[in-house]
Amino acid sequence: MAVSRRQFLKVTGVTTAGTAMGALAALGADLGPKVARAQELRIRNAKVYPTVCPYCAVGCGMLTHVVDGRIVNIEGNPESPVNQGNLCPKGAASYQLAVNPNRISQVLYRAPGATAWEPKPLDWAMDRIAELFKKTRDETLVEKTQDGKLVNHTLGIFSLGGATMDNEWNYSHSKLMRSMGVVAIENQARI
Amino acid sequence: MIPRENLTHWDALVYVEMFLAGVAAGAYMTAAILELVGRGRSSVARTAHLIAFPLMLVCGLLLTVDLGRPERFWHMIVQSKTSLPMFKLWSPMSMGSWLVLVFPAFAFVSFLDALIAGRLFRIGGWRAESTLHGSPAGRIWAVIGGLLAFAVGSYSGILLSATNFPGWGDSAVLGALFVVTAVATGLGALLLGEAIRGQTSHPDIGDLARASVMVILWQLILIVVFVATLGPAGVRVFLAGSALVAIVGAALLGGLLPLLLLRFGAAAARPSMAALAGVLVLVGGFLLRYAVVIGPQQHG
Amino acid sequence: MPGLGVSFGRGAATTFSRDVANSDCITIMGSNMAECHPVAFRWVMKAKEKGAKLIHVDPRFTRTSAVADIHAPIRAGSDIVFLGGLINYVIQNEKYFKDYVVSYTNAATIITDQFKDTEDLDGVFSGYDQQARTYANQTWQYAREQPATPFGFDEAMKASNFTELVTKLKPPPARRDPTLQDPRSVFQLLKRHYARYTPEMVERITGCPKETFLKVAETITANSGPERTATMAYAVAWTQHTIGVQIIRAAGILQQLLGNIGRPGGGILALRGHATIQGSTDNPTLYHSITGYMSHPDTRRRHESLKAYLATETVPTAFLSNQPKWVVSYLKALYGDAATAANDYGYDWHPKIVGDHSHMAMMDAAYKGTVKGMFVMGQNPATSLNASLQRKALGKLEWLVVRDFFETETASFWYASPEVKSGELKTADIKTEVFFLPAAHVAEMEGSFTNTHRLLQWHEKGADPPGDGRSDIWFTYWLGTRLKNLYANSTNPRDQGIKALVWNYEPDQQRNAEFRIKDEPDALKILKEINGYNIADGSHLKAFADIKDDGSTVCGNWIYTGCFPAPDQNLTASRKPDDYVSLGWGFNWPANRHIMYNRASARPDGQPWSERKKYVWWDGQKWTGLDVPDFVPTKAPDTPSKPDGIGLDAQSGTDPFIMKADGKGWLFAPSGLLDGPLPTHYEPVESPVQNLLYKQQASPVYKHWDSDINKLAQVGDPNFPYVITTYRLTEHHLSGTMSRWLPWLAELQPELFIEMSPELAREKGVANLDFVKISSPRATIRAKALVTPRIRPFTIDGKTVHLVGMPWHWGYQGLVTGDVVNNMSALIADPNVSMHEGKAFVCNVEKA
Amino acid sequence: MAAAMGFYTDTTVCIGCKACEVACKEWNQLPATNGGANTLSGNSYDNTRELNGTHWRHVKFVEQFSPDRKQAQWLMMSDVCKHCVQAGCLEVCPTGAIIRTEFDTVVIQSDVCNGCRDCIAACPFDVIGINEATGTAQKCTLCYDRLQNGLTPACAQACPTASIQFGPIQELRQRADGRVSTLKAQGTQAYVYGDEKMLGGLNSFYLLVDRPEVYGLPPDPQLPSRSLGLSWLLSAGGAVVAGLAGALAFRKQRMDGAAEATTVGEGSER
């Protein structure tokens with residue numbers, strides 16, 4: 001066995017030339033036999049879902065690995081012609097954007113003038129938002145300008161955001177807003 | 001060798017262990033020499049045997065506690081995956097682990113022998129009148145045990161020099177320095193021990209003093225050699241901060257001062273002097289261990 | 001993006017990132033590509049590996065400059081001088097690609113005699129109204145032959161059907177001089193316009209050494225022509241200026257002169273900053289346009305009726321002649337069966353805009369109290385331009401809905417903002433009712449993103465979002481459902497829009513089966529509507545040609561038609577890559593064309609300019625090649641334009657820019673821009689130096705929303721002597737919401753810093769890591785100094801001008817926090833697109 | 001046994017994006033410094049500062065500018081464990097926790113390591129550190145689990161500019177040599193750091209354009225055992241001298257010693 005051979009060499013090394021070890025190493029004797037130890041791959045039994053990086057606009061392909069309904073890993077998709085598996089540090093951190101203790105998972109509500117948040121049921125919030133939306137829209141809708149031009153719009157409501165959301169959302173959201181007469185619709189894309 | 005960001009965090013537990021192991025090894029080596037010159041049953045030899053074993057027990061404990069995962073201390077002796085013995089002659093840490101296991105076994109027998117010589121108890125034919133040490137078998141025992149003690153006294157220094165850590169890895173003299181310090185502190189402990197036992201008239205005190213003088217001189221020479229063999233980087237890490245203070249302290253308290261006491265202070269005659277000299281040598285040895293272990297790490 | 005749209009026809013990147021690997025010379029300007037788009041940058045490095053030259057023109061020495069062959073430092077805001085200098089170099093040294101320029105651009109077109117250049121009027125063009133600070137573009141028009149029959153808006157209004165309407169709009173052909181010698185030809189006007197943009201002038205204004213400038217000019221021109229192509233990449237460092245659109249135009253002019261548009265390894269790559277910012281421009285959550293880059297109905301134009309709208313907007317002699325089909329099918333998508341020919345397909349229900357309702361305009365209005373309610377989805381205005389103003393504006397709203405992953409600065413402004421912390425505002429006095437709704441991660445919902453080069457890619461849902469987290473379409477769908485219920489019984493005519501709204505994206509039980517959330521609406525139903533379908537049988541539209549103007553088709557966004565041609569063919573989810581164009585991966589609008597205007601990759605006779613650069617060519621029967629031809633597939637190169645043809649029939653077989661009225665690339669822009677037909681250097685609104693080229697200091701038409709807390713610094717104000725530029729880092733994203741809450745990213749760039757040169761640091765007695773105070777007319781903030789030689793002082797017209805730089809990713813929420821850099825920026829904007837000027841303004845720096 | 005695999009890091013194409021650092025942490029689920037609440041180092045764009053038990057990849061930044069900026073260079077290098085063929089850490093490891101795998105990479109088995117920390121001092125490259133979470137020494141495993149399953153290591157897969165290349169070591173060395181000659185032809189002084197002459201060859205080697213020290217690398221890394229024999233020899237010598245001294249001191253009194261043996265006996269009989 002290799003070790004005993006080396007022990008022998010070592011002993012002679014000790015008793016003869018002081019730098020025998022260095023010399024031995026220089027001669028290229030390997031200091032450990034190659035051994036294989038089976039490793040556990042944490043995504044072996046995961047379901048894989050193709051996705052796209054949520055950060056910049058390059059559109060890197062990513063793969064989401066899911067075990068028991070929980071995301072366990074997100075990495076670059078080697079198949080994508082856009083990035084061929086590459087990611088930048090942000091893309092590589094996408095997993096932590098999803099699985100993150102600081103992420104808020106309940107609806108928070110702050111009443112006018114209140115000094116703290118209070119958790120609320122999602123349905124309650126949706127009803128309340130719809131109610132406020134209708135109220136403000138009905139109060140501020142302008143049908144005609146002073147000079148008699150038909151406008152059917154409200155400038156009392158402003159919708160901001162969209163460059164980070166799906167095409168389907170951008171399309172349907174602007175559709176809903178315009179059907180309500182909201183024209184002040186904006187996102188990060190001011191170019 | 002490049003400057004370090006990652007430290008080994010070998011701190012108090014480690015330099016205390018290295019010091020105590022040195023004392024134990026030094027004392028046992030002294031006893032072995034006595035055995036070889038036919039004084040295996042001298043009070044000094046017995047004292048050495050009474051010291052060595054308990055100290056080594058403490059050392060084993062300190063080393064285990066210092067591990068990141070103490071419950072896995074046995075991985076150093078048995079391969080946890082294959083249950084085969086784990087031994088690397090070319091790894092001072094591996095060798096040291098075995099030494100800390102085997103040497104105490106020998107020291108234990110000598111320890112018992114000393115107790116039996118003191119008529120505290122007997123085990124069959126093994127009695128005060130026929131102790132192991134002082135007998136032909138005792139000589140063989142002392143030789144093997146003495147060699148192990150030598151290894152114990154050397155390996156920690158060699159372990160440090162067998163690294164790429166600036167300061168430690170720069171000199172091949174550390175092992176020699178450590179083993180000689182071990183002998184010096186061993187002698188120091190015996191001086192103290194004998195003095196405490198009040199064997200003032202005892203001629204051995206004189207012998208111990210004479211031996212100490214020579215070993216301390218040798219130790220001082222090695223300290224100089226060690227510093228001389230350090231590269232500029234090595235010198236920088238040692239001759240700074242608390243390490244510098246400790247090294248100078250070791251040279252003065254553990255070197256020059258006891259030299260004067262023993263050479264001109266007629267320590268042989270006055271137990272207080274002998275005791276003081278012993279204490280000083282021990283303090284010096286401890287400071288040296290401290291300096292060598294901490295020096296390179298204080299720049300991390 | 002008018003910068004590209006006006007020049008070439010479509011407001012988007014002309015090429016795709018992977019094609020950069022085929023370029024011989026890449027000029028990155030107005031972008032820090034290696035840091036902000038590292039993965040697209042891989043293709044730049046691939047090109048470099050093959051021997052391409054990499055040029056980085058930037059005020060700072062960045063991670064992009066580090067791997068560039070040439071780094072040309074220029075003072076922030078002097079880009080048009082540098083680009084104009086290149087244009088002048090190309091023309092003066094006759095380095096332009098003559099065959100390309102004559103055949104494919106409007107260089108030969110003659111402009112009316114009334115047109116006066118900035119050279120004649122010292123910095124403004126003819127048609128400028130000093131009082132209104134606006135331009136009228138009548139004098140910028142093409143000189144045309146005498147019309148045989150009357151044409152135009154009034155004629156079109158007499159038409160009885162859409163086809164006739166379009167025909168009545170067709171003008172007589174413009175006059176051309178293929179020799180390019182006519183002094184009124186675009187080429188000669190261009191030559192004269194840039195004659196003073198000499199290498200010496202470039203050095204005086206930009207601070208870039210003349211030698212470096214010339215090295216850049218030689219390298220770009222040496223790598224353009226039939227055998228070689230050069231590309232340009234830009235990002236928000238070109239757009240975030242009051243002259244942003246014109247900077248991009250200047251690049252468009254240069255690339256046309258060098259014959260680099262529509263060819264492999266050429267083009268202009270717009271590097272955009274958000275996952276689907278292109279998609280949100282195509283399906284605009286933007287006030288000024290309805291889908292597919294069609295103008296939003298506007299009271300300031302002749303849009304009083306559907307007919308008037310079409311008569312105003314339709315371009316009769318280009319592919320845009322189909323606009324009636326797109327608008328009618330869009331209205332059908334909105335109002336369904338309620339939209340009929342009789343009621344102009346509900347055109348009157350559609351709201352009209354009356355002015356600028358962009359982000360800054362609305363936040364200014366909110367600050368002045370006229371906005372009541374606000375939705376903020378995945379954006380963070382509390383850290384946006386003149387952030388203090390925007391936070392105060394939020395405090396004047398009646399209600400605010402925020403959807404995000406983490407508690408953003410916007411969601412928490414009412415208790416965590418600097419104004420509250422400093423006591424300037426009291427939480428109890430802020431009456432805004434605030435809702436925070438947790439959002440879903442991209443891997444927790446399905447839908448499509450459109451990337452920076454128009455590539456639609458579908459992402460699948462892998463898991464449910466935690467707790468009450470829901471997808472974005474879930475929120476909008478269920479909000480819309482609630483609203484329709486609330487209005488169900490209304491008989492008020494003004495509620496017809498919401499009553500008629502088609503809202504049928506019901507959950508698909510089958511696809512929701514494997515998840516906890518069962519009421520997730522069906523994204524595929526929305527995509528089908530965007531793609532378009534026949535009302536009669538619901539069959540999907542396969543191509544543009546399927547879109548009808550008779551109310552028989554629904555099409556939510558015409559430019560996406562073809563992405564979902566059949567129920568079982570969602571091409572945005574197709575994943576068959578190859579080693580280049582990858583037509584089988586996703587869907588690249590328009591019609592899966594990856595390089596737009598690729599007809600120009602062939603000579604006028606239809607053959608490739610060179611073997612090395614062959615891409616799309618005429619094989620005798622049809623156009624063929626590596627990409628989908630951006631041209632009528634069977635239109636031969638020698639096809640003449642039909643004298644009375646409309647649409648593409650009005651264009652010849654050598655007109656590659658099918659979206660432009662004349663089929664040519666526009667060097668000179670007779671219409672489409674509010675600040676002039678040719679890019680002209682104006683200093684940033686806040687600048688320490690005078691405009692050395694014209695009396696006119698800054699853009700004569702930039703926008704400024706004046707208020708007590710949006711004041712501007714005067715030119716050369718001694719209180720604010722330094723140029724400051726703001727930017728992004730690789731390690732963070734935008735305002736930090738998606739990065740400063742992530743430990744792995746937070747640790748990489750944990751603290752806000754200001755990059756300053758050792759020279760300035762010495763002047764100010766500032767050491768590395770010292771805290772410094774940075775102030776602008778709007779605010780003062782604190783940051784640690786990162787003293788680095790990567791920042792250099794500039795010598796402008798003989799005087800030293802210091803520049804400092806700050807990343808703007810920090811805020812008061814997150815694992816790592818820092819002052820909001822945008823507290824210092826101003827609400828000022830480009831007149832065309834209302835983009836702010838965050839890349840060049842002024843500040844002062846003092847040791848804190 | 002599989003072919004020897006490793007990393008070839010071409011520093012001339014590194015853009016310092018740190019994707020490798022994050023991809024490594026994501027795959028190996030490593031914690032961030034102080035939960036992310038780190039501090040600005042002030043040393044260019046390097047804030048993770050070092051390789052250690054929780055940073056298995058680390059990007060170094062070196063700014064080289066002359067006052068007039070005529071000389072302007074910003075060197076970047078993604079550092080990692082060198083997976084030495086002659087591995088110092090493996091040599092000293094007393095538990096056998098550190099193994100050479102079938103891919104000729106060097107891996108610390110954290111279920112075996114007992115945290116003695118000898119490897120930390122033994123590594124010539126200052127790569128290894130203690131992961132407080134496990135109490136064991138840790139470093140790059142070259143994604144041993146991914147390799148066994150035919151996947152590319154996380155960092156190499158993420159690297160946008162192919163600065164980090166993974167593959168069979170022989171192939172990588174050829175590629176690197178080709179790159180060196182290309183660069184030399186272009187007038188750049190490039191060389192490979194970590195060829196077979198260095199510790200039998202580094203299975204993670206680098207293409208550099210300046211002295212190793214500039215990148216914080218040792219110009220001539222050695223094995224910890226380089227002077228092991230000498231150390232023992234000197235130690236023995238030291239002990240012998242001390243021993244002789246002792247022998248000399250004690251020999252003189254031989255007779256008293258013999259006499260003393262009895263007195264002790266008598267003494268103890270009283």
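To find a chain, count down the sequence lines: A is the first, B the second, and so on, and within it residues start at 1. What you see is a predicted model; the values in this text were computed from it and never measured.
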Checklist entry - With a 4.5 angstrom heavy-atom cut-off, which part of B/Ser80 approaches chain D: side chain, backbone, both or neither? => result side chain

Side chain, backbone, both or neither: which part of [X] has a non-hydrogen atom closer than 4.5 Å to chain B?
X	result
D/Ile130	neither
D/Asp111	both
D/Ala236	both
D/Gln109	side chain

Is there a donor-acceptor contact under 3.5 Å from the side chain of [X] to the main chain of [Y]?
X	Y	answer
B/Asn164	D/Phe125	no
B/Arg69	D/Cys113	no
B/Thr163	D/Ala122	no
D/Arg226	B/Gly169	yes

Do [X] and [Y] have side-chain heavy atoms sitting under 4.5 Å apart?
X	Y	value
B/Met214	D/Leu244	no
B/Leu159	D/Asp118	yes
B/Phe150	D/Ser235	yes
D/Arg117	B/Asp66	yes
D/Cys116	B/Met76	yes
B/Glu5	D/Asp126	yes

Could you tell me which of [options] has the largest number of non-hydrogen atom pairs under 4.5 Å with chain B?
options	result
D/Gly243, D/Gly53, D/Cys93	D/Cys93
D/Gly246, D/Ala242, D/Ala137, D/Pro124	D/Pro124
D/Val112, D/Leu51, D/Thr134, D/Asn52	D/Val112
D/Pro219, D/Gly96, D/Gly216, D/Cys123	D/Cys123

Grab the two heavy atoms, one from [X] and one from [Y], that are nearest each other, plus how far apart they are.
X	Y	value
D/Thr136	B/Arg72	CG2-NH1, 3.9 Å
D/Leu228	B/Trp90	CD2-O, 3.2 Å
D/Ile120	B/Arg4	O-NH1, 2.8 Å

Item to check | Chi angles and distances behind the side chain to side chain contact (heavy atoms under 4.5 Å, CB included) call for D/Phe250, B/Leu208 | outcome: CA-CA 8 Å; D/Phe250 298 128; B/Leu208 284 172; 4.0 Å; yes

Checklist entry - Would B/Trp74 and D/Asn114 satisfy side chain to side chain contact (heavy atoms under 4.5 Å, CB included), going step by step from the backbone distance to the final call? => result CA-CA 9 Å; B/Trp74 58 274; D/Asn114 65 8; over 6 Å; no

Item to check | Best-contacting candidate, B/Val215, B/Ile158, B/Val179, against chain D by heavy atom pairs under 4.5 angstrom | outcome: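 Result: the option with the highest number of such pairs is B/Ile158.
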
Checklist entry - Stepwise, does the side chain to side chain contact (heavy atoms under 4.5 Å, CB included) test hold for D/Gln222 with B/Met1? => result CA-CA 9 Å; D/Gln222 298 285 325; B/Met1 264 165 265; over 6 Å; no

